[in-house]
Undergrad: 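What follows is a structure written as structure tokens; I'll ask about it next.
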Amino acid sequence: MAVKVILKDGSVKDYPRGTTVMDITRNISEGLARNALGAKLNGKKVDLSTPVNEDSTLEIFTFDSEEGRDLYRHSTAHIMAQAVGHLFPGVRFGIGPAISEGFYYDFDVPENFSPEDMARIEEEMERIIKEDLPFERIEVSRQEALKMFEASGEKYKVELINDLPEDAVISCYRQGDFIDLCAGPHVPSTGKIKSAKLLSLAGAYWRGSEKNKMLQRIYGTSFPKKSLLDEYIFRIEEAKKRDHRKLGTELDLFSMQDEGPGFPFFHPKGMILRNELESFWREEHKRAGYDEIRTPVILNRAMWEQSGHWDHYRENMYFTKIDDIDFAVKPMNCPGSILIYRSKLHSYRDLPIRMAELGLVHRHELSGALHGLMRVRCFTQDDAHIFMLPSQITEEIIGVIDLIDRFYKVFGFEYHVELSTKPEKSMGSDEIWDMATEALKKAIEARGMEYKINEGDGAFYGPKIDFHLRDCIGRTWQCGTIQLDFQMPEKFALNYIGEDGQKHRPVMIHRVVFGSIERFIGILIEHFAGAFPAWLAPVQVKLLTVTDRGLDYAEEIRKAMLQNGIRPEVDGRNEKIGYKIREAQMEKVPYMLVIGDREVENKTVAVRKRGEGDKGAVDLQEFIETVQEDIRLKR
RNA sequence: GCCGCUAUAGCUCAGUAGGUAGAGCGUAUCCUUGGUAAGGAUAAGGUCACCGGUUCAAUCCCGGUUAGCGGCUCCA
């Protein structure tokens, strides 16, 4: 009896019933069979050893797919657990999943692991890999599973089994002397893992809850080739060098002070960056039909109760008292915007009204969560609230998507979007949430964009589209977000006068493009490794005199540049030219001009461009125009 | 907030097995006026994060606090 198998490319082949996935793979191609790690059979992820007993669709996973990488790393996690089991008898095992760039496994051990232990564990893993032990799938009943893990004292596994749904198929995987509760699938054998490396050690609560015991987590990663691992390690090193906290200090952009944990201080050079971003933002928003507003940082308790923040967001807010009345520092800008909208009567003809605000918000973040400019306790959202007719929803969302797209392109970021749906802690009926979620979907789809859904990840007042941008070393950051809100207009009884002369309720969009200016600056610092394009660079041109005789001319050039909207700085110190160049290079200034006797005499400038070196002498006016062109084109 | 680690000059870091500290870079002054990634000399600069304890004596040992780092959790 033959079964039909539909492959990923749509082709259909017949195989005898019971042929394994591996055999089919081999039949497709030897090369694919060599690289195959697992498969998806009728939508279910399975091992290569799985027999095909019915007509099926089949997709083979190699390391080139996310699924392939995940199961490769997951298998590596099992190998690490086996190694830890060998070296630390009495260890209890937590969970060990694959994560985006590797895997981890949580262990309950009496003594914390030391860095030396990591090396020993790695060695033991090597040994297990060399043994090329097959991964064997074993399906067991709930009773058998409980009996087995209770007998070995694996209390965490027992807890996991007890929490599995009634109808769950319980499976274990065994390689050699190690057996673990696991849904699978896994690579065929331990020898498939070529280059594994343990990366770091951390404490992590059992099941992520601070009420539970803290386990020891070991992070690692693995690749089918040494060169891929090396590349990955290189990328991590590269990321370390780009760390915005380090560059922020070196380039004198901002600082953090003990006096204000999580509250960044922007230095003059950092302010230039900020102001450039803000003026770009103002320009673009004016063009896109936004009006700018500014609302107070502190508002009274009654208002926060009305907005729902008192009930839904209190633990993140800061409070104060004025004349014995409770006030709160704003964690979001929306209520301020709403109060402005409500300050007068609106006609349907006025809508949409787009009110933008660079609003400083404060949120109480856990002390351990703070991280440079990426995670702070006060930040400026490049916020806007759009008040509109229900019929304008799709068009307005598309408008925001286009605006965000325009922004990210200027910085050279690619991005993807995610749609987040109703969270547990939320306001409003399911019907309204469904309607809002559908509206967001429609807009994304109208724009022909791919998206991922994050169930239960929306804001408490509405679903949202998040924009995750990808920086030049492949990391992603959530920046822009568009949130649709039917709740706030209701809470604040907003209305507009419709064609019929009656009051109607408008719909609201909350949206940000940069997200937080602070975080965006952090991302830019890392993206450009501190070497900002000329339009953003705090110092665009550094004038380097060869001798004191060049000082007057340098000063003349400096003034000419200031007149022409360029940011120059003169290094007129009594130092050698090589020394000044080195310093300017380390400051990552886009242009250096060497000013010696020749330039003074010919009224030229000797240009040295960052990344390109000596460009020779050019006419001053010509150079000014080059820089102006860079600034104009945002290069 | 929780777990682990850390805190010495503006920056990066050494050091004292308990007897109040040192380097490089940077800064200042002087010499040097040198053409594309570090010229030389001299000097200044530290309540060794803060508060307590042990001790004849604490930067060092102990406890606490604060802040930072790596995670967990959370998020712009």
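Computed from heavy atoms alone, side chains included, the values below leave out hydrogens, waters and symmetry copies. To find a chain, count down the sequence lines: A is the first, B the second, and so on, and within it residues start at 1.
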Undergrad: Please indicate yes or no: is the ring centre of A:F514 less than 5.5 Å from the centre of the six-membered base ring of B:A76, with the two planes inclined by under 30 degrees?
TA: no
Undergrad: Is the shortest side-chain N/O distance from A:Y591 to OP1 or OP2 of B:U36 below 4.0 Å?
TA: no
Undergrad: Quick check: A:F460 with A:H309 (ring centres under 6.0 Å apart)?
TA: yes
Undergrad: Would A:R274 pass as a cation-pi partner of A:F266, given that its NZ or CZ must be under 6.0 Å from the six-membered ring centre and within 45 degrees of the axis?
TA: yes
Undergrad: In whole Å, what separates the P atom of B:U27 from that of B:G22?
TA: 23 Å
Undergrad: Looking only at heavy atoms, which two atoms of A:R245 and A:T249 are closest? And how far apart?
TA: O-OG1, 3.0 Å
Undergrad: Looking at B:C72, I'd like to know if its phosphate oxygens (OP1 or OP2) sit under 4.0 Å from a side-chain N or O belonging to A:Y219.
TA: yes
Undergrad: Please confirm whether the shortest side-chain N or O distance from A:H510 to OP1 or OP2 of B:A76 is below 4.0 Å.
TA: no
Undergrad: May I ask you to check if A:R217 and A:Y104 form a cation-pi contact, with NZ or CZ under 6.0 angstrom from the six-membered ring centre and within 45° of the axis?
TA: yes
Undergrad: Could you work out which one of B:C75, B:G68, B:C72 sits closest to the side chain of A:P261?
TA: B:G68
Undergrad: Under 4.0 angstrom, heavy atoms only, what part of the nucleic acid is A:G368 near: base, sugar-phosphate, or nothing?
TA: base
Undergrad: Rounding to the closest angstrom, what is the interatomic distance between B:C62 and B:U54 at atom C1'?
TA: 7 Å
Undergrad: Would you classify A:V376 as touching base, sugar-phosphate or nothing, given that sugar-phosphate means primed atoms plus P, OP1 and OP2, and contacts are heavy atoms under 4.0 Å?
TA: base
Undergrad: Establish, with yes or no, whether the OP1 or OP2 oxygen of B:G34 is under 4.0 angstrom from a side-chain nitrogen or oxygen of A:T547.
TA: no
Undergrad: With rounding to the closest Å, how many angstrom separate the C1' atoms on B:A57 and B:G1?
TA: 39 Å
Undergrad: Just the atom pairs and distances: protein N or O near nucleotides 42-44 of chain B's N or O, under 3.5 Å.
TA:
none

Undergrad: Quickly, which of A:F520, A:F528, A:W477 forms a ring-ring contact (aromatic ring centres under 6.0 Å, His included) with A:F411? Name it, please.
TA: A:F520
Undergrad: Please work out if A:E365 contacts a base, only the sugar-phosphate, or nothing of the nucleic acid, heavy-atom cut-off 4.0 Å.
TA: base
Undergrad: Using a 4.0 Å heavy-atom cut-off across all strands, classify A:Q585 as base, sugar-phosphate, or nothing.
TA: base
Undergrad: Check whether the side chain of A:E599 and the base of B:G35 form a donor-acceptor pair under 3.5 Å.
TA: yes
Undergrad: When both hydrogen-bonding distances must be under 3.5 Å and the geometry is Watson-Crick or G-U wobble, what is B:A41 paired with, if anything?
TA: B:U29
Undergrad: May I ask you to say what A:V594 touches in the nucleic acid, namely base, sugar-phosphate or nothing, with a heavy-atom cut-off under 4.0 Å?
TA: base
Undergrad: Evaluate the criterion side-chain contact (heavy atoms from CB on, under 4.5 Å) for residue pair A:E284 and A:F407; output intermediate values, then yes/no.
TA: CA-CA 9 Å; A:E284 289 295 323; A:F407 267 80; 3.7 Å; yes
Undergrad: Just call it for A:D597: base, sugar-phosphate, or nothing, with non-hydrogen atoms closer than 4.0 Å on any strand.
TA: base
Undergrad: Can you tell me the distance, in whole Å, between the CZ atom of A:R582 and the P atom of B:G35?
TA: 19 Å
Undergrad: With both distances under 3.5 Å as the test, what is the Watson-Crick or G-U wobble partner of B:A23?
TA: B:U12
Undergrad: Both A:F379 and A:D258 contact RNA chain B. Taking the nearest nucleotide for each, which residue is further toward the 5' end?
TA: A:D258
Undergrad: What nucleotide, of B:G35, B:A37, B:G39, holds the atom closest to the side chain of A:R608?
TA: B:A37
Undergrad: Distance between the C1' atoms of B:A67 and B:C51, in whole angstroms?
TA: 15 Å
Undergrad: Select from A:I581 and A:Q257 the residue whose nearest nucleotide in RNA chain B is closer to the 5' end of that strand.
TA: A:I581
Undergrad: Between A:R245 and B:C69, is there a side-chain N or O to OP1/OP2 distance below 4.0 Å?
TA: yes
Undergrad: OP1, OP2 of B:A38 versus side-chain N and O of A:R573: anything below 4.0 Å?
TA: no
Undergrad: Between A:F107 and A:F88, is the ring centre distance below 6.0 Å?
TA: no
Undergrad: Quick one: look up who B:C61 pairs with, Watson-Crick or G-U, both distances under 3.5 Å, and put none if it's unpaired.
TA: B:G53
Undergrad: Check every strand shown and say whether A:R363 touches a base, only sugar-phosphate, or nothing at a heavy-atom separation below 4.0 Å.
TA: base
Undergrad: Between A:N316 and A:H364, does any side-chain donor sit less than 3.5 Å from a side-chain acceptor?
TA: no
Undergrad: How many whole angstroms separate atom CG of A:D571 from atom P of B:G26?
TA: 12 Å
Undergrad: Using the C1' atom as the point on both nucleotides, what is the distance between B:A58 and B:U20, in whole Å?
TA: 9 Å
Undergrad: Taking the minimum atom-to-atom distance to the side chain of A:D548, which one of B:A37, B:G34, B:C75 wins?
TA: B:G34
Undergrad: Is it the case that the base of B:C75 and the side chain of A:R519 share a donor-acceptor contact (distance under 3.5 Å, atom types as modelled)?
TA: yes
Undergrad: Would you classify A:A584 as touching base, sugar-phosphate or nothing, given that sugar-phosphate means primed atoms plus P, OP1 and OP2, and contacts are heavy atoms under 4.0 Å?
TA: nothing
Undergrad: Of the nucleotides B:G70, B:G35, B:G39, which has the atom closest to the A:Y579 side chain?
TA: B:G39
Undergrad: Expressed in whole Å, how much space separates the P atoms belonging to B:G63 and B:A7?
TA: 15 Å
Undergrad: Establish, yes or no, whether a centroid distance under 6.0 Å links the rings of A:H312 and A:Y461.
TA: no
Undergrad: To the nearest Å, give me how far apart CG (A:D457) and C1' (B:A76) are.
TA: 13 Å
Undergrad: Under 4.0 Å between any heavy atoms, over every strand shown, what does A:K246 touch: base, sugar-phosphate, or nothing? Just pick one.
TA: nothing
Undergrad: Under 3.5 Å, side chain of A:N454 to main-chain N/O of A:D457, donor-acceptor pair present?
TA: no
Undergrad: Contact class for A:R549 vs. all strands (heavy atom < 4.0 Å): base, sugar-phosphate, or nothing?
TA: sugar-phosphate
Undergrad: When you check the phosphate oxygens OP1 and OP2 of B:A76, does a side-chain N or O of A:K464 lie under 4.0 Å from one of them?
TA: yes
Undergrad: What about A:F623 and A:Y591, are their ring centers closer than 6.0 Å?
TA: yes
Undergrad: NE2 of A:H244 versus C1' of B:A76: gap in Å, rounded?
TA: 13 Å
